[in-house]
Amino acid sequence: MRVEIWSDIACPWCYVGKARFEKGLAGFAHRDEVEVVHRSFELDPGRAKGDTGQVLDMLAQKYGRTVEEARGMEANVAANAQAEGLGYRTEGRDHGSTFDIHRLLHLAKARGRQDELLTLVYRANFAEERSVFDDVVLAGLAVEAGLDADEARAVLADPEAYAADVRADEREASELGANAVPFFVFDRRYGISGGQPAEVFVQALEQAWKDRQATRLTQVGGDAEACDADGACEVPQVEVSDQRV
């Protein structure tokens, strides 16, 4: 069975959702027969390379909030991340174009190191004092993930390298009706939006495994925290413990 996950490095709920999905996958009896593929989705596709700024300032401007209110929003996400054992810095993080990151992730996919690189980039962006919008930092992360340094630098230097792959992922997301990330698709049969609790992913995996004859993509699970196509990542006022497949 294949699980495809559309996500963006700039999306905090993608970071949290990845951890929750992996926890759910660990509890799935057929986990060794599940292939996980990460696909590209840019929350801010029009942002130019090199145009970076502080996350708190971006949130305040996007939602018409004060910086202090934006800090509170970040604290909400941090609490969810920390509950999953993830580090999360609420101060000092920057925000920029993720296009080059997605291109490099496609190189990593071709070399069988996609999940390793994605994990490192998420950690650097949300938990560490490293900017993933700096080519030197990004190339270093690629090496940490097991990629060749020269090959990684060559991809970053060539704006066309793997660009078509990124765009193809984004077109496919649109065709599937994905308007928020993270977006999980199970064997092209079932879809889940948002950073659902781990038990929802277990149920979705079991449901998709049992019903392998279905051909239509069906949404399962209730609403959960996500970042929409306009880059909005607010925390909805719902009790996630009440959500079920």
Side-chain angles (χ1 to χ4, degrees), residues 1-28 34-45 59 62-63 73 76-77 79-81 83-84 86 88 98 102 105 114-115 118 122 125-126 166-211 214-245:
M1 184 166 68
R2 171 181 282 195
V3 179
E4 298 162 278
I5 308 172
W6 274 263
S7 60
D8 192 15
I9 286 300
C11 164
W13 294 115
C14 297
Y15 176 51
V16 174
K18 182 176 186 292
R20 290 175 175 171
F21 169 75
E22 288 171 351
K23 186 180 293 184
L25 181 61
F28 179 54
V34 177
E35 176 192 11
V36 179
V37 178
H38 297 282
R39 298 203 179 276
S40 302
F41 189 107
E42 294 172 273
L43 290 171
D44 195 358
L59 290 173
K62 178 179 288 292
Y63 299 116
M73 293 166 62
N76 274 332
V77 182
N80 279 268
E84 302 302 329
L86 301 172
Y88 195 97
T98 58
H102 286 296
L105 283 165
Q114 187 186 44
D115 188 71
L118 183 61
Y122 271 142
N125 187 45
F126 290 107
V166 176
R167 298 307 184 211
D169 278 357
E170 293 174 337
R171 283 195 302 272
E172 197 161 17
S174 178
E175 290 167 2
L176 289 172
N179 54 19
V181 287
F183 184 63
F184 302 79
V185 175
F186 298 76
D187 249 2
R188 293 299 171 104
R189 292 174 174 85
Y190 299 99
I192 286 182
S193 294
Q196 301 276 358
E199 58 266 26
V200 172
F201 289 117
V202 173
Q203 293 173 49
L205 286 162
E206 291 174 348
Q207 185 172 338
W209 186 266
K210 290 176 182 177
D211 189 12
T215 57
R216 182 172 60 87
L217 181 66
T218 302
Q219 288 280 356
V220 297
D223 293 333
E225 298 91 340
C227 299
D228 68 24
D230 294 324
C233 300
E234 286 191 293
V235 183
Q237 300 302 309
V238 298
E239 292 293 332
V240 296
S241 61
D242 292 336
Q243 297 169 1
R244 296 290 185 270
V245 171

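Just so it is clear, the structure is predicted and the values come from calculations on it, not from any experiment.
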Between [atom1] on residue [X] and [atom2] on residue [Y], distance to nearest 0.5 Å:
X      : Y      : atom1 : atom2 : value
Ser7   : His102 : OG    : NE2   : 6.5 Å
Glu4   : Asp187 : CD    : CG    : 8.5 Å
Glu42  : Asp8   : CD    : CG    : 7.0 Å
Arg39  : Gln114 : CZ    : CD    : 8.5 Å
Arg171 : Glu175 : CZ    : CD    : 7.5 Å
Arg189 : Asp211 : CZ    : CG    : 7.5 Å

Requested in this report: Could you tell me whether Lys18 and Glu84 make a salt bridge, using a distance below 4.0 angstrom between a side-chain N and a carboxylate O?
Outcome: no
Query raised in the report: With a 4.0 Å cut-off, would you call Lys23 and Glu199 a salt bridge?
Result: no
Report yes if some heavy atom in the side chain of [X] is under 4.5 Å from a heavy atom in the side chain of [Y]; otherwise report no.
X      : Y      : value
Met1   : Leu205 : yes
Cys14  : Cys227 : no
Asn80  : Trp13  : yes
Ile5   : Val36  : yes
Ile9   : Leu118 : yes
Phe186 : Val3   : yes

How far apart are the closest heavy atoms of [X] and [Y], and which atoms are they?
X      : Y      : result
Phe201 : Gly194 : CZ-O, 4.1 Å
Pro12  : Tyr88  : CB-OH, 3.7 Å
Ala10  : Leu43  : C-CD1, 4.3 Å
Ser40  : Val166 : CB-CG1, 3.8 Å
Phe183 : Ala178 : CD2-CB, 3.5 Å

Query raised in the report: Hey, do the aromatic rings of Phe21 and Phe184 have their centres closer than 6.0 Å?
Result: yes
Query raised in the report: Can you check side chain to side chain contact (heavy atoms under 4.5 Å, CB included) on Leu86 and Phe126, steps first, answer last?
Result: CA-CA 9 Å; Leu86 301 172; Phe126 290 107; over 6 Å; no
Query - side-chain hydrogen bond (donor to acceptor under 3.5 Å, both in side chains) partners for Arg2, two or more places apart - result: Glu35
Query raised in the report: Mind checking what makes ring-ring contact (aromatic ring centres under 6.0 Å, His included) contact with Tyr122, not counting sequence neighbours?
Result: Tyr15
Requested in this report: Decide side chain to side chain contact (heavy atoms under 4.5 Å, CB included) for Trp6 and Leu176; before the verdict, give the C-alpha distance in whole Å, the side-chain angles of both, and the deciding distance to 0.1 Å.
Outcome: CA-CA 11 Å; Trp6 274 263; Leu176 289 172; 3.6 Å; yes
